[in-house]
Amino acid sequence: MNKMKFNILIWGIAGLTMVGCTDSFLETTSKTDLNSTSFYKNETQALYAVVGCYDGYQRTVSNGSWPTLYQAVETMSDDCLGGGGPDDRSDRLMDRFDRSYMPDQVDLFNGLWSDYYKAIYRCNQLIGSLDGISWTSGDTRKTVEGEARALRGLGYFDLVRMFENVPLLTVASNAVVPQADKDSVYAQIVADLKYAADNMPGEAYADKSSHLGRITKYAAAAMLARVYLFYDGVYNGNAGKEIPGGLTKAQALQYCEEVIKSGQYSLEPSFKNLWPAACTEATTKDEGRKTTYVEASDEIVWVVKFNNDQNWNNTNVNGNRFVVNLGLRNVTAYAPYGNGWGACPITSYANSLYRSGDQRSAATIINTKDIGAYDVQITTDCMDYTGYVNKKYCPLIFSDGTSMPAAETEVDGGNMQTNQDQNWILIRYADVLLMAAELGSSNAMGYFNQVRDRAYGAGVYNVSSVPTRDQIWAERRLEFMGEGVRYWDLLRQGIDAFVEAQLGQATNDGKKGGTAVSVYNNKVKTTIASTYVEANIRTKRGFFQIPNSQITLSGGVYKQNAGWE
């Protein structure tokens, strides 16, 4: 077996470095004293190590590798265009699946690949040490192992969704192994998440106010349902078959029902309160932040925590580095909506899907015409500019243009690029309700109507019969727009539906051949529907480019995905 140093790996202390990434559970007393020869010998060290596993996953965002998974899948979904500025050609490359925008860009996802495998290495090292530790209780071991395995399962789920053909390592090793068959990876994902869902105590981390960001058995259960639906859609044509790892449709549904019956979750009454920019007022620094944001909402099932103490010089790698990319480009006068690089403008068609009275619309999208920014921005270098901006993950500024988290940090050198502290929500309770409905719950109509009741008001748009799959998919698009969910949902509808939607994202009806809508490209009003070419989209099947550096470092063991050669 060939062995070498390559970016999939981290070494020694780098694999054990733990940087606190919240103001609570990821604070540690020592960040340098533990290493691979002294670590994982007792329960206290294992508890530190699991914090390092959380930190590893967080670093897939906070390290600053571009693009993050979130930005990539928003850009590549049919809800968003590429955006950015004229030099941000990678945004158009991803959005159009077209390498001609940057023919020399063969390592676009290299940082992302590396960050994920570093995170998995940490999990593998802890999991491999568990049998050598004396535990004070079986529940403590089950909780630690459940967290580490759930994080490893999530890491591999992200990787296999992105790249499909990835190496599978379940021990902390520097071996170069061939890309695994996807079914082997999915079997490992299911095994890891099942362990967490079946073995973690139900009361572990139930108090969100003090444990927000920690994985619970119910978070793992919900993720199992997501894994099932994705695999069944992409590979089984939504036939409801058993997937690798022995996960059946009935089991996936049961996991959802367990989350629902746990009593630990409920819909946030006001949708906007789930995201800072959707419920924060424009204020001065002296007035401070005025918001109705509910960070530890009972709707949150799985969330990645961030904070504002990172700068360019310290080692606190824990800020949300993707948020700033979505901010309003070239302007700082429209508080509380902050400035950034203008990536992922929402399409005109996606914006048109919301019905009058749907509270999700105003909480999801900033219409720059409503705030006065549109006429200013079209005179600047914005690309793919539609005038519709993601409000759920928009950075925040005070009325003088100062970044809110940068102004609020206690660390010297506050900066809007590093101090973004908004959390990344992976799964909400609304998702569990809609997944349970799609999986065939006997309560499907009630679950579906709960989501609609929150959106429109009780009884306004209730269905009176079991919702169809198409109805559920349409509702999911409205509910989760801008959350990094749509791309995966679209892929599981089948390749033809995926291609049709991608070809139609710059048209008036979201379909191939529809009337092209206008955008602004560097001050010029134009149409871009013709830049979406079917061959570029269909051949890639929705999967990412394997980084060329990884192929080279593997000595040619890794092979490139179709369409990216």
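All figures in this text were calculated on a predicted structure; none of them were measured in a lab. Note: hydrogens, waters and symmetry copies are ignored here, and every other heavy atom, side chains too, is used.
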message: Test salt bridge (Lys or Arg N to Asp or Glu O under 4.0 Å) on Asp131 and Arg141; report intermediate values, then the result.
response: CA-CA 9 Å; Asp131 287 341; Arg141 172 178 175 154; 2.9 Å; yes
query: Given Arg122 and Asp55, is the salt bridge (Lys or Arg N to Asp or Glu O under 4.0 Å) satisfied, shown in steps?
result: CA-CA 9 Å; Arg122 295 186 184 197; Asp55 180 66; 3.0 Å; yes
task: Would you please test Ile546 and Trp113 for side-chain contact (heavy atoms from CB on, under 4.5 Å) and show each step?
output: CA-CA 8 Å; Ile546 304 292; Trp113 176 287; 3.8 Å; yes
task: Show your reasoning for whether salt bridge (Lys or Arg N to Asp or Glu O under 4.0 Å) applies to Asp431 and Arg428.
output: CA-CA 5 Å; Asp431 200 350; Arg428 295 192 278 115; over 6 Å; no
field: side-chain contact (heavy atoms from CB on, under 4.5 Å) between Val106 and Trp564, worked out
entry: CA-CA 9 Å; Val106 295; Trp564 291 106; over 6 Å; no
field: Trace of the side-chain contact (heavy atoms from CB on, under 4.5 Å) decision for Leu274 with Tyr293
entry: CA-CA 6 Å; Leu274 290 163; Tyr293 173 51; 5.9 Å; no
- request: Given side-chain contact (heavy atoms from CB on, under 4.5 Å), test Glu295 with Lys305 step by step and report yes or no.
  value: CA-CA 10 Å; Glu295 183 181 27; Lys305 284 277 294 174; 2.9 Å; yes
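Here the shortest heavy-atom pairing between Pro67 and Phe109 reads CG-CE2, 3.7 Å. Residue Tyr228 comes nearest to Gly240 through the heavy atom pair OH-C, 2.9 Å, listed as atom of the first residue, atom of the second, then distance. Shown here for Cys344 and Thr75, the closest heavy-atom pair between the two residues is SG-OG1, 3.3 Å.
In this structure, Tyr54 OH and Leu151 CG are separated by 5.5 Å, a value rounded to the nearest 0.5 Å. To the nearest 0.5 Å, atoms CD (Glu258) and CD (Gln264) are separated by 12.0 Å. To the nearest 0.5 Å, atom CD1 of residue Ile189 and atom CG of residue Leu193 are 7.5 Å apart. To the nearest 0.5 Å, the span separating OG1 on Thr140 from CG on Leu47 amounts to 7.5 Å. Residue Thr60 holds its OG1 atom at 14.0 Å from OH of Tyr117, rounded to the nearest 0.5 Å. Atom CG of Leu112 sits about 7.5 Å away from atom CG of Leu159, to the nearest 0.5 Å.
We find that Asp78 and Arg486 are joined by a salt bridge, their nearest charged nitrogen and carboxylate oxygen being less than 4.0 Å apart. Remark: Lys241 does not engage Asp232 in a salt bridge, criterion side-chain N to carboxylate O under 4.0 Å. Taking a cutoff of 4.0 Å between a charged side-chain nitrogen and a carboxylate oxygen, Arg477 and Asp79 qualify as a salt bridge. Taking a cutoff of 4.0 Å between a charged side-chain nitrogen and a carboxylate oxygen, Lys261 and Glu257 do not qualify as a salt bridge. A salt bridge links Arg541 with Glu164: the distance from a Lys NZ or Arg NE/NH1/NH2 to an Asp or Glu carboxylate oxygen falls below 4.0 Å. Salt-bridge annotation for Asp115 and Arg59: absent, with no side-chain N of the basic residue lying under 4.0 Å from a carboxylate O of the acidic one.
A heavy-atom distance below 4.5 Å is not found between the side chains of Met416 and Pro395. Asn423 places a side-chain heavy atom less than 4.5 Å from the side chain of Leu212. With contacts defined as side-chain heavy-atom distances shorter than 4.5 Å, the pair Phe97/Thr539 does not qualify. Within the 4.5 Å cutoff, the side chain of Gln71 has heavy atoms near those of the Trp66 side chain. Arg321 is not listed as a side-chain neighbour of Gln420, based on a closest heavy-atom distance of 4.5 Å or more. Under the 4.5 Å side-chain criterion, counting only non-hydrogen atoms from C-beta, Asp412 is not in contact with Asn314. When side chains are defined from C-beta on, Glu147 counts as touching Met200, because their heavy atoms get closer than 4.5 Å. The closest side-chain heavy-atom distance from Val259 to Cys256 is not below 4.5 Å.
Asp107 and Ser549 are linked by a side-chain donor-acceptor pair at a separation below 3.5 angstrom, with hydrogens and angles left out of the test. Between the side chains of Gln422 and Trp275, no donor-acceptor pair of N or O atoms lies under 3.5 Å. Under 3.5 Å, the side chains of Asp207 and Ser209 contain a donor-acceptor pair of N or O atoms. In the model, Arg152 has a side-chain atom that pairs as donor or acceptor with a side-chain atom of Asn124 under 3.5 Å. A donor-acceptor contact under 3.5 angstrom links the side chains of Thr136 and Glu43, judged on distance only. With hydrogens and angles left out, the side-chain atoms of Asn561 and Asn165 include a donor and acceptor closer than 3.5 Å. Checked by atom type, the side-chain pair Thr418/Asn415 shows no donor-acceptor distance below 3.5 Å. A donor-acceptor contact closer than 3.5 angstrom is absent between the side chains of Asn548 and Tyr558.
Of the listed residues (Asn419, Asp421, Val411), just one forms a side chain to side chain contact (heavy atoms under 4.5 Å, CB included) with Asp309, and that residue is Val411. Among the candidates Phe306, Trp341, Tyr393, the single residue satisfying the ring pair (Phe, Tyr, Trp, His ring centres under 6.0 Å) test with Phe322 is Tyr393.
Between the Glu74 side chain and the Cys80 main chain, no donor and acceptor come within less than 3.5 Å of each other. A distance-only check finds a donor-acceptor pair linking the side chain of Gln179 to the backbone of Lys559 [under 3.5 Å]. Here the side chain of Glu299 pairs a donor or acceptor atom with the backbone of Glu268 at under 3.5 angstrom. Panel note: side chain Thr409, backbone Asn308; a donor-acceptor pair is recorded below 3.5 Å. The backbone N or O of Asn318 sits less than 3.5 Å from a side-chain atom of Gln310, completing a donor-acceptor pair. With hydrogens and angles disregarded, no donor-acceptor distance shorter than 3.5 Å links the side chain of Asn42 to the backbone of Ser134. No side-chain donor-acceptor contact under 3.5 Å links Lys540 to the backbone of Ala562. The closest donor-acceptor contact from the side chain of Asn390 to the backbone of Lys392 lies under 3.5 Å. Lys217 contributes no side-chain N or O that, together with a main-chain N or O of Ala196, makes up a donor-acceptor pair within less than 3.5 Å. A donor-acceptor pair under 3.5 Å is absent between the side-chain atoms of Gln417 and the main chain of Val324, judged by distance alone.
Environment of CD in Glu410: sparse, with no more than 12 heavy atoms of neighbouring residues, nucleotides or ligands closer than 6.0 Å.
Between Tyr235 and Phe543, the ring planes lie parallel to each other; the angle is under 30°, not in the 30° to 60° tilted range. Under the 30°/60° scheme for interplanar angles, the aromatic rings of Tyr429 and Tyr265 are found to lie parallel. Ring geometry, Tyr186 versus Phe230: the interplanar angle falls under 30°, so the pair is classed parallel (tilted spans 30 to 60°).
You'll find the ring centres of Phe498 and Tyr487 inside the 6.0 Å limit.
No cation-pi contact links Arg226 to Trp488, judged by a cut-off of 6.0 Å to the six-membered ring centre and 45° from its axis.
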